[in-house]
Amino acid sequence: GAGVSQSPRYKVAKRGQDVALRCDPISGHVSLFWYQQALGQGPEFLTYFQNEAQLDKSGLPSDRFFAERPEGSVSTLKIQRTQQEDSAVYLCASSFPSVAQYFGPGTRLLVL
Amino acid sequence: RKEVEQDPGPFNVPEGATVAFNCTYSNSASQSFFWYRQDCRKEPKLLMSVYSSGNEDGRFTAQLNRASQYISLLIRDSKLSDSATYLCVVNLNNNDMRFGAGTRLTVKP
């Protein structure tokens, strides 16, 4: 079956621009996660949904970051007024609760 | 102190070699453990779960030592295709997963 998909795969934004990153999880997966991965580092947790409920957003670095999953499937990560330090790969993962996560290909964001 | 620590490497080994990676975690309440593999510019992919009794999958063996809060991955008979970054992952509770920074492996002919 289809895996986790993300779009766009690449995004170049000017500093101050708003961006929206989309994640389509594996069908039936209840849990959805967003991670930020900087070059040479492991993924850093941003936020977690169980169905449509955002149960943990402790990893969001600032109030410029906002995530939603209104119908419990597709999720969007929005970054307002992007800054250069937001440049990273944004990974989405999905799973059934308490088991291993499956990752999408990521969105590579470059803020100029 | 980071919650999950790994030797970043790089490990450069010849084909056929045996190589071992170690990982330590700080939270004794951690519930489950995994090794992921990440190829350059690709997403992490699950390699194997790590069970308390140790487990093996072909050339790969994972071990867990809860007392020492230590996880290991052993790769036997290394192949060129094993070249990647190996991420140690610790599940703190239900869905709070923490990743190490990864250990980079290069297998050379």
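Order of the sequence lines sets the chain letters (A, B, ...), proteins ahead of strands, with each chain counted from 1.
Of the possible donor and acceptor atoms, none in the side chain of Tyr35(A) sits under 3.5 Å from a partner among the backbone N and O of Phe99(B).
By the criterion of side-chain heavy atoms lying less than 4.5 angstrom apart, applied directly or through intervening Ile, Leu, Val, Met, Phe, Trp or Tyr residues, Val19(B) is grouped together with Leu80(B) in one hydrophobic cluster. Both Phe103(A) and Leu46(B) are assigned to one and the same hydrophobic cluster, defined by single-linkage of ILVMFWY side chains at heavy-atom distances under 4.5 Å.
Taking each heavy atom of Leu87(B) and Pro43(A) in turn, the nearest pair found is CD1-CD, 4.1 Å.
Each of Gly106(A), Gly104(A), Gly40(A) has some count of heavy-atom pairs under 4.5 Å with chain B, and the biggest count is that of Gly104(A). Each of Ser49(B), Gly102(B), Ala101(B) has some count of heavy-atom pairs under 4.5 Å with chain A, and the biggest count is that of Ala101(B).
For CZ of Arg59(B), the number of neighbouring non-hydrogen atoms (other residues, nucleotides, ligands) closer than 6.0 Å is greater than 12. Applying the 6.0 Å contact sphere to CD of Glu85(A) captures more than 12 heavy atoms from other residues, nucleotides or ligands. Counted within 6.0 Å of CZ on Arg104(B), heavy atoms from surrounding residues, nucleotides or ligands total 12 or fewer; the atom is thus considered open.
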**OP:** List the steps, then state whether side-chain hydrogen bond (donor to acceptor under 3.5 Å, both in side chains) holds for Glu43(B) with Gln6(A).
**Re:** CA-CA 11 Å; Glu43(B) 72 273 21; Gln6(A) 292 186 244; over 6 Å; no
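For residues 60-92 of chain B, the set of pairs meeting the ring pair (Phe, Tyr, Trp, His ring centres under 6.0 Å) definition, not counting sequence neighbours, comprises Phe21(B)-Tyr86(B).
With rounding to the nearest 0.5 Å, the separation of CD in Gln38(B) from CD in Gln37(A) is 4.0 Å. The CZ atom of Arg108(A) lies 4.0 Å from the CZ atom of Arg41(B); values are rounded to the nearest 0.5 Å.
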